[in-house]
Amino acid sequence: MSRSVVYETLSETLTGVRTGDLVLVNGSWRMITDLRRTQAGGKAAAINGLPGVWKLPRSFDVMRPITRR
């Protein structure tokens, strides 16, 4: 059996975002590789292919992987 990964587009908030989600950065979708809490109660993310850690807005669009068999 082969597995393929399908993505669905969601509007997400900080509480629902998770590692593995794709976020739109400068016109291209990039994967969140690590999440961290900020002192102000927000979240910051390490994003694949970008240096440093990026503060996330309160709500934004993500593409979330759905594994199907």
Side-chain angles (χ1 to χ4, degrees):
M1 284 187 173
S2 65
R3 292 187 341 176
S4 62
V5 178
V6 177
Y7 290 87
E8 69 177 327
T9 304
L10 308 165
S11 182
E12 197 55 83
T13 62
L14 286 180
T15 56
V17 70
R18 56 189 181 201
T19 302
D21 285 349
L22 301 180
V23 291
L24 189 60
V25 179
N26 295 329
S28 63
W29 292 96
R30 297 182 180 261
M31 184 178 292
I32 294 175
T33 56
D34 187 29
L35 284 170
R36 301 170 189 189
R37 292 199 180 277
T38 62
Q39 289 181 350
K43 283 190 180 177
I47 299 173
N48 189 30
L50 298 177
V53 177
W54 298 80
K55 185 176 178 184
L56 297 173
R58 291 204 178 279
S59 64
F60 48 93
D61 290 334
V62 299
M63 287 198 327
R64 179 160 297 153
I66 302 170
T67 305
R68 296 187 179 163
R69 292 181 191 209

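Since the structure is predicted, the reported quantities are computational estimates derived from the model, not experimental observations. The first residue in the sequence is number 1, and the count goes up from there.
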Checklist entry - Given the rule in the side chain to side chain contact (heavy atoms under 4.5 Å, CB included) test, do Leu24 and Phe60 qualify, once you have shown the distances and angles that lead to the verdict? => result CA-CA 9 Å; Leu24 189 60; Phe60 48 93; over 6 Å; no

Quick one: side-chain contact (heavy atoms from CB on, under 4.5 Å) partners of [X], sequence neighbours excluded?
X	result
Thr19	Leu35
Arg37	Lys43
Leu10	Glu8, Glu12, Val62, Arg64
Val53	Arg36, Ala44

What distance separates [X] [atom1] from [Y] [atom2], expressed to the nearest 0.5 Å?
X	Y	atom1	atom2	result
Leu56	Thr38	CG	OG1	9.0 Å
Leu22	Tyr7	CG	OH	4.5 Å
Leu50	Arg30	CG	CZ	4.5 Å
Asp21	Trp29	CG	CH2	10.0 Å

Next on the checklist: Determine whether Ile47 and Thr33 satisfy the following criterion, side chain to side chain contact (heavy atoms under 4.5 Å, CB included), listing intermediate values before the conclusion.
Outcome noted: CA-CA 6 Å; Ile47 299 173; Thr33 56; over 6 Å; no

Next on the checklist: For Ile32 versus Ala45, what's the shortest heavy-atom pair and its separation?
Outcome noted: CG2-CB, 3.9 Å

Checklist entry - Which pair of heavy atoms, one from Gly20 and one from Pro65, lies closest together, and at what distance? => result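 Minimum heavy-atom contact is O-CD, 3.6 Å.
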
